[in-house]
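Proteins come first, then strands; the chains are lettered A, B, ... in the order of their sequence lines, and each starts at number 1.
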Amino acid sequence: MTDAELTDNGLPAAGGAAETPPPPRTAADRAKASRRAWWREVGWRHIVAVVVSLYAIFPLVFVINMAVDPNAGLASQSLFQNFSLQNFRDLFASRPFGQQLLNTLIVGGVTAIGTVLMGAAAAYAFSRFRFEGRRFTLTFLLVVQMFPQLLAFVAIFLLVQSLGEVFPVLGMNHLSTVIAIYLGGALGVNTFLMYGFFNTVPISLDEAAKLDGATHAQIYWTIILRMVSPVLAVVGLLSFISSFSEFVIARLVLTDPEKWTLAVSLYDLVGNDRNPYWGMFAAGAVISALPVLLLFLFLQRYIVSGLTAGAVKG
Amino acid sequence: MSKQTTVDRAELKRRREATQAHARAWGPGFFVKLILIALVDALGLYGLWMAWQTGSTAIAVIMAVLLAVVNWVYFSKRALPAKYLVPGMIFLLIFQIYVMLNTVFVSFTNYGDRHLGTKEDAIAAIVRNSQLLDLSQPTRDITLLSKGGAYYLAYVNDAGEAVVGGQDQPFAKDDAAQVAGGVVTEVPGYEVKREADFEGMGGSLPTKPVENLKVPLADDPEAGSLKVMATDFAKGQVYKPGVTYDEQTDSLIDNSDLAAGVVIYKANNQTGQFEHNGDRYPRGGGWKVTIGFKNYVKLFTDPSISMTFGKVFLWTVVFAFLSVATTFFFGLLLALAFNSERIRGQKIYRVLMILPYAFPGFMAALLFKNLLNRDYGVINNVILGWIPGFEGIDWLNGSTLMAQFTVIMVNLWLGYPYMFLVCTGALQSIPGDILESARVDGAGPVKRFTKITLPLLFVSVAPLLISSFAFNFNNFNLIYFLTGGGPVPPGGSADDPGGTDIMISMVYKLAGVGENPDYGLATALSIVIFLVVGLIAVYSFRKTRSLEDVM
Amino acid sequence: MKRLAALGILALGLTAGLTACGDKSGGDNGDNGNNGGGGDNGSTVTLTVWVDETRINALQPLVGEYEKSSGVKIKLEQKNFDDIRGDFATQVAAGKGPDITVGANDWMGEFIANNLVQPVDLSGVADQLDKRSVEAYTSGGQTYGVPYALENIGLVRNNKLLAETKATTFDELIAEAKTAGTEHTVLLQVGTEGDGYTAYPLQSSFGAEVFKQDAAGEWTKELGMTGEPGHKFAEYLGKLGTDKVLSQSTTYDIVKATFQDGKAPYAITGPWLVADWKAAGMDVTVLPIPSAGGQTARPFMGVPGFFLSAKSTQKTAAERFMVNFLTSKDTQLALFKTGARVPANLEASADSAVTGDPIVGGFLEAGKDAVLQPSFPEMNQVWKPWGKAESDIINGADPVSTWDKAMTEIEQAIAAG
């Protein structure tokens with residue numbers, strides 16, 4: 001990673017707006033002052049970063065250990081006694097893991113896009129229109145997502161069975177069914193996240209556009225969505241991750257290992273109390289974390305692009 | 001001044017007219033819309049047709065209503081907000097509201113152990129399972145016959161006579177039957193059927209009628225009846241009389257224990273089981289019935305439930321609140337720390353920060369459970385083990401307070417990446433020029449943060465914090481996999497709520513999910529929880545109304 | 001109006017297109033649905049069978065042969081073993097679910113009480129199967145499934161740490177284990193929820209049987225572990241806890257890792273963990289568990305097998321598959337190879353592949369006096385209070401009063417049904 005790439009990221013970030021220290025007198029003072037300024041501005045951030053990184057990584061070291069040491073288990077205390085890729089080989093030999101990875105990417109991708117589209121549309125309506133029942137609908141959405149789903153599996157199972165008779169693609173063992181069920185939650189948390197965000201975009205922008213003859217659809221697609229792109233990226237990522245790790249509904253609907261998502265497959269590896277395959281599970285968990293991290297790496301520039309900060313000035 | 005306003009109004013009106021003209025025009029947007037809606041309508045009509053075909057009236061009705069609503073919304077000029085809300089709402093209605101309503105319905109039933117299915121299923125299973133093979137009687141070489149769509153059996157009895165019989169039609173001698181080698185080969189008036197005529201064995205006749213065929217040996221039911229052996233259609237076995245169902249009296253007549261005589265189990269349609277002198281039928285279950293508010297009444301009158309309610313509720317609120325507070329402030333701190341372009345390796349740091357979020361949550365909970373093990377765990381043995389005189393902390397099963405602290409800490413690890421992401425995104429929406437002008441006005445960093453950054457941040461994240469609270473309120477996986485709700489004080493009952501049990505894990509325990517599930521009671525409790533957390537959410541959401549209009 | 005007309009034409013056209021495609025798939029569906037009632041021409045029968053990860057690998061290669069010889073299509077659906085019990089109950093009760101599922105004999109009582117299973121006529125093959133395995137699937141004179149293996153726990157020794165075992169009592173065993181000089185002596189999983197199953201050999205050696213047995217050796221529904229024998233066992237557990245032999249911190253995962261790390265010469269566990277240890281290259285021997293209370297230590301015997309759904313529309317085909325295929329020598333040997341449990345089929349268990357395996361032989365010996373785990377639904381009321389009492393006692397709670405409290409709780413729960 002080069003400095004060029006870093007500065008490439010966009011405009012100076014808002015929260016920690018850069019400060020210029022007062023001009024120092026001598027060269028030594030200047031060096032001292034700039035070092036102090038560096039510590040105040042940047043240095044402590046590195047310390048926080050290193051400490052938190054350790055905190056984040058520490059338990060995961062044991063996951064990696066389980067993945068690369070075929071003899072390691074969930075309670076292993078000694079690390080990296082052996083190294084082999086046996087678990088990875090077993091994982092791919094025991095199940096169509098590549099296909100399952102693809103299934104997961106499809107489900108995660110479509111759900112993320114669908115959630116962003118539907119959630120953003122709803123958030124726009126709530127943020128920009130003052131209609132009858134608006135407050136009620138918002139509250140209703142908030143309350144619905146608090147419904148404990150723990151005992152809903154029978155209802156979902158029966159629903160999928162009968163829907164499948166009408167629309168085979170919404171029946172058992174179809175990825176599209178799982179996507180549809182996940183989209184049922186599209187107007188949940190994410191709408192609230194976006195709604196809060198949309199509220200920070202000054203309404204004067206819309207009005208200016210309206211005066212210029214833009215329709216509500218044009219305002220939405222060309223102005224608002226562009227302004228809130230960081231949150232769209234965040235919501236896309238969050239939705240992708242949550243469908244990536246959801247297994248309760250997916251395992252109910254997807255009965256064929258060829259159709260499984262990674263979460264179902266991973267859960268299957270350790271779902272048996274007496275024969276949990278923690279090694280293969282860890283190997284699979286490491287692999288399944290990669291798409292998430294790559295997506296984050298890719299979306300980072302949108303999340304921190306600071307587009308809004310620039311636009312508001314105009 | 002007033003003149004100015006008039007001009008503006010005129011200008012606005014002109015522009016609005018222009019806008020509307022634009023909307024009415026047959027522009028490319030309209031065609032996109034037309035095609036999309038046509039697609040939806042086509043799908044809907046197809047669904048209607050299929051639903052009609054498969055007899056799913058409920059789906060057909062819902063489909064018709066949804067279609068009408070969609071078309072109205074997108075072609076009406078009045079339903080502007082609805083145009084943006086409808087797509088998400090449809091998915092929400094089908095997949096969430098339906099599930100909610102279904103759950104509410106279940107809470108008014110006795111759905112659970114011994115009451116899972118329908119009455120018809122219960123009767124069928126009890127009657128079938130009560131037929132015992134009479135091992136004192138020989139296996140017969142039989143011939144399967146059919147006549148007028150019904151099946152009959154023929155065999156050569158001990159007296160050497162060929163006998164033929166059918167369902168509820170005892171075996172009787174048939175002189176016309178031809179016998180060869182002790183087996184009936186042909187009976188005039190009947191057609192002989194062989195295994196190869198049946199499905200799965202080369203033919204296409206359904207096997208079900210043969211499975212159900214039961215021919216009485218004699219007029220006296222106690223003599224038993226002959227049934228075709230499932231593994232060999234050329235063999236028949238004698239079954240003793242068992243239980244029969246009498247529709248007139250709506251009861252089971254149990255003939256299976258001849259020594260004890262006939263026992264009659266009357267159907268109790270209030271409790272959904274067959275009973276005799278208050279005892280339920282022992283060798284089979286009952287069925288699901290609606291029991292009104294009984295589950296709810298039990299929740300508030302059964303001391304083992306209502307007594308513990310308060311304590312668990314309090315901890316659930318504390319847990320959910322602290323979880324949100326810790327994850328939010330830690331995530332915010334990190335977001336602020338990395339919201340500077342001047343740190344090298346910022347991208348890598350950010351990726352490391354969200355690592356915990358990329359791994360399955362239940363795995364993390366189980367992993368921490370082992371890391372935190374009192375005697376074997378790495379945290380006590382390695383990380384803190386070097387401290388002289390360190391005895392080891394019982395993180396999860398010692399004192400309740402300690403376990404609660406640990407649960408919050410583990411949840412912090414699991415939850416901060418989410419808040420970090422959200423805050424990182426939210427910080428971008430805070431206009432740099434406001435902060436800049438505050439700085440010029442002499443506001444220090446702390447003041448800028450508390451007076452500008454934080455309030456602005458709350459505008460975008462306040463609703464999210466409420467839903468995060470709700471999520472943690474129902475964070476079953478964490479509690480279930482990490483502590484199982486423990487520590488449960490020694491000497492108490494195994495079903496007592498433990499120190500870290502939250503409402504939803506208590507539902508799981510009390511309802512005996514996994515052992516003797518009482519889904520009816522469990523759903524009733526979960527609906528009560530839902531009402532409580534819903535009220536909290538609505539209340540706090542009202543409080544945020546003021547936040548909404550900051551800008 | 002024009003707009004609506006345009007839309008109407010478009011929608012109609014698209015619908016026509018969809019229905020045209022849909023008719024075909026709809027027709028297919030109809031055929032499938034009708035199979036239960038009878039198609040017209042040479043229809044095939046499909047059986048859905050739920051199996052878990054380990055068993056699907058054993059069955060998959062053999063099923064093809066069976067399909068060819070019988071003409072019945074077998075659809076193996078891979079399920080998570082721990083999910084099967086609950087999913088089978090809810091789905092079969094709703095009229096769905098598989099025709100056949102893999103399971104264990106202790107699920108039987110609950111399945112019968114919920115009208116979920118139907119009898120399978122084993123009269124033709126009973127003499128080819130281990131008597132106890134058939135008994136495990138018998139209730140009220142009816143057999144409700146086919147057994148395929150027998151399993152029990154035993155005492156596992158790490159031969160690197162101790163070469164021989166002379167101990168005949170559990171106390172001697174602990175003393176002997178101490179000579180190995182390791183951190184722990186005998187590992188036995190407890191956990192905060194306790195584990196009545198794994199501790200049962202110790203308990204039964206005090207004569208404290210979980211339920212009383214009648215003259216024929218069948219379980220009654222009267223608790224057998226109350227009173228004196230139970231108290232003695234409870235006090236012994238308390239002592240093992242104070243002596244730090246047993247600990248609440250010892251869970252399944254801990255037993256696995258600690259024994260593997262060579263930190264204890266003995267562990268009490270079943271074939272499932274031994275398979276992992278062997279895979280890790282350990283040299284282990286399986287022995288009978290010595291008595292702690294003077295009487296024979298009897299572990300529970302579990303019998304994995306298959307159940308026939310009460311809602312199966314293909315009873316004949318399903319029963320044939322179960323009786324002819326699942327109980328056969330070849331099938332049970334294949335299941336043995338992936339699961340290392342003694343086959344229920346007598347010919348299979350006499351096969352050199354089974355008898356030549358010292359580990360399997362060790363478990364067979366350790367299970368010589370094993371008792372069938374009760375399979376009536378009342379057993380479900382026992383596990384939780386029983387385990388918790390054991391765990392609490394090991395952790396220092398007063399043995400006798402804690403034990404009695406749990407027994408009262410169980411009795412009340414059973415009485416309440």
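Atom CZ of A:F58 sits in a crowded spot, with more than 12 heavy atoms from other residues, nucleotides or ligands closer than 6.0 Å.
Using a 4.5 Å cut-off between heavy atoms, B:I527 touches chain A through its side chain atoms alone. Heavy atoms closer than 4.5 Å to chain B are found in both the backbone and the side chain of A:A217. With a 4.5 Å cut-off on non-hydrogen atoms, B:I383 touches chain A through its side chain but not through its backbone. With a 4.5 angstrom heavy-atom cutoff, B:F471 does not touch chain A via any of its atoms. With a threshold of 4.5 angstrom between heavy atoms, A:L163 approaches chain B through its backbone and through its side chain. Within the 4.5 angstrom heavy-atom criterion, atoms from both the backbone and the side chain of A:Y55 approach chain B. With a 4.5 angstrom heavy-atom cutoff, B:Y111 touches chain A only via side-chain atoms. For B:Y376, the parts lying under 4.5 angstrom from a heavy atom of chain A are both the backbone and the side chain. Looking at B:F473, neither its backbone nor its side chain comes within 4.5 Å of chain A, counting heavy atoms on both sides.
Closest heavy-atom contact between B:R542 and A:R135: CA-NH2, 4.0 Å. Nearest approach of B:S526 to A:P148, heavy atoms of both residues: O-CG, 3.6 Å. Considering all non-hydrogen atoms of both residues, A:V52 and B:M353 come closest at CG1-SD, 3.4 Å. What you find for B:N474 and A:M146 is that their closest heavy atoms are ND2-O, 3.0 Å.
Taking chain A as the reference chain and counting heavy-atom pairs below 4.5 Å, the highest number among B:P81, B:A51, B:G361, B:P356 is found for B:P81. Most heavy-atom pairs under 4.5 Å with chain A: of the set B:L531, B:I529, B:V461, B:L366, this distinction falls to B:L366.
Checking B:L535, B:V533, B:V538 one by one against A:V143, the side chain to side chain contact (heavy atoms under 4.5 Å, CB included) holds for a single residue, B:V538.
Between A:F147 and B:F530, the ring planes are perpendicular. Angles over 60° get that label, and only those under 30° would be called parallel. Taking the six-membered ring for Trp and thresholds of 30 and 60 degrees, A:H46 and B:Y349 have ring planes more than 60 degrees apart, a perpendicular arrangement.
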